[in-house]
Structures are given as structure tokens and as C-alpha cells.
Amino acid sequence: MATRLDYLEGKKLCVVFVKVLEPSSGRVQCRALRGRASINQGHLDVMTAKGAIFTVPSSAYSSVAPNDGTKILGDADYFCLVKVDPNIDLEHGCGCGHGPNCHCGGHHHGDGPEDFFPVVY
């Protein structure tokens, strides 16, 4: 049985995690996760180049759209927005800070900074 998301299968997908910092001003922090889309039992998964899999919450399905050229989206064919809880830390997660000499293996050197640092708008 086909789902309404089947057109995403194998496409480059960027999941943009959005954390609202200041609701009154509209200030947000964003972090990108890029990979290939896969439809698994009706659910949308994104597999990164390193093989990590993220299941996109169904609440984000309505935000799936073609890449509009925004820099954080990179070369993705499509993107979606995932709102995160204000208590979630959008930093990379290993605690190293990912400076220019980072060797933790948590990202690919040479990727743009939007690949591992959150961006504030």
C-alpha cells in the first residue's frame, strides 16, 4: 500500500530541528540533519551518511517541502521542520564543542558548520 510520502524514497532530505528561544521575538535555534529518506512501514526515516537513522515524527509530515535554497538545507531535495522542546540541547551531543581541531568523529571534517553547530536566527 502506497503512502503519501512514497515520493521521498531515496531522496536527499534535511530535517531541521527548531528550538524556540524567545517566542516574543521569534528568535529560534536550528540544527540540520541530512540524509536519505526511506519509508519504513509507513514511517519516514532519514539515514545519514554514517548509517544513523532518525525517524521523523508524524507531526512534521505536513511541513515536508522542496528545498527553497536556504543555506542550512545544503543540497537536500526536500526538508521538514521538527520543533523540539525548549529543554533539549541542540549541541552535537558529545560535549566536545566541535572546534576546528575536533577529532571525536561526530561529524565529517569539511562539512559546513551548519552540519554540527546549531544556528540562531
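This chain uses plain numbering: 1 for the first residue, then up along the sequence. From a predicted model like this one, the values you see are computed outputs, not experimental measurements. Below, each value reflects all heavy atoms present in this structure, side chains not excepted, and no hydrogens, waters or symmetry copies.
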In short, Val15 meets Phe54 closest at the heavy-atom pair CG1-CE2, 4.1 Å
Sorted by chain and residue number, the salt bridge (Lys or Arg N to Asp or Glu O under 4.0 Å) partners of Lys12 (sequence neighbours excluded) come out as Asp75
By side chain to side chain donor-acceptor pair (under 3.5 Å), Thr55 pairs with (sequence neighbours left out) Asp45
Those residues at least two apart in sequence (or on a different chain) that pass side-chain contact (heavy atoms from CB on, under 4.5 Å) with Lys83 are Val20
field: Side chains of Ser38 and Asn40, donor plus acceptor under 3.5 Å
entry: no
With sequence neighbours left out, the residues meeting salt bridge (Lys or Arg N to Asp or Glu O under 4.0 Å) with Asp85 are none
Sorted by chain and number, sequence neighbours left out, side chain to side chain donor-acceptor pair (under 3.5 Å) with Ser25 holds for Glu22
Here the pair of heavy atoms bringing Ala60 nearest to Val82 is CB-CG2, 3.8 Å
Practice item. Would you sort out whether Leu13 and Leu44 count as a side-chain contact (heavy atoms from CB on, under 4.5 Å), showing the intermediate values? Key: CA-CA 10 Å; Leu13 182 66; Leu44 176 58; 4.0 Å; yes
#### Entry: Co-membership, hydrophobic cluster, residues Val56 and Ile88, 4.5 Å side-chain
yes
In terms of heavy-atom contacts, His43 and Tyr61 come closest through CA-OH, 3.4 Å
Counting only N and O atoms by type, is there a donor-acceptor contact under 3.5 Å from the side chain of Glu9 to the main-chain atoms of Ile39? yes
d(Ile72 CD1, Cys14 SG) to nearest 0.5 Å is 6.5 Å
Taken to the nearest 0.5 Å, the spacing of Arg36 CZ from Met47 CE works out to 11.5 Å
Residues at least two apart in sequence or cross-chain that pass side-chain contact (heavy atoms from CB on, under 4.5 Å) with Val18, listed by chain then number, are Val16, Val28, Cys30, Leu81
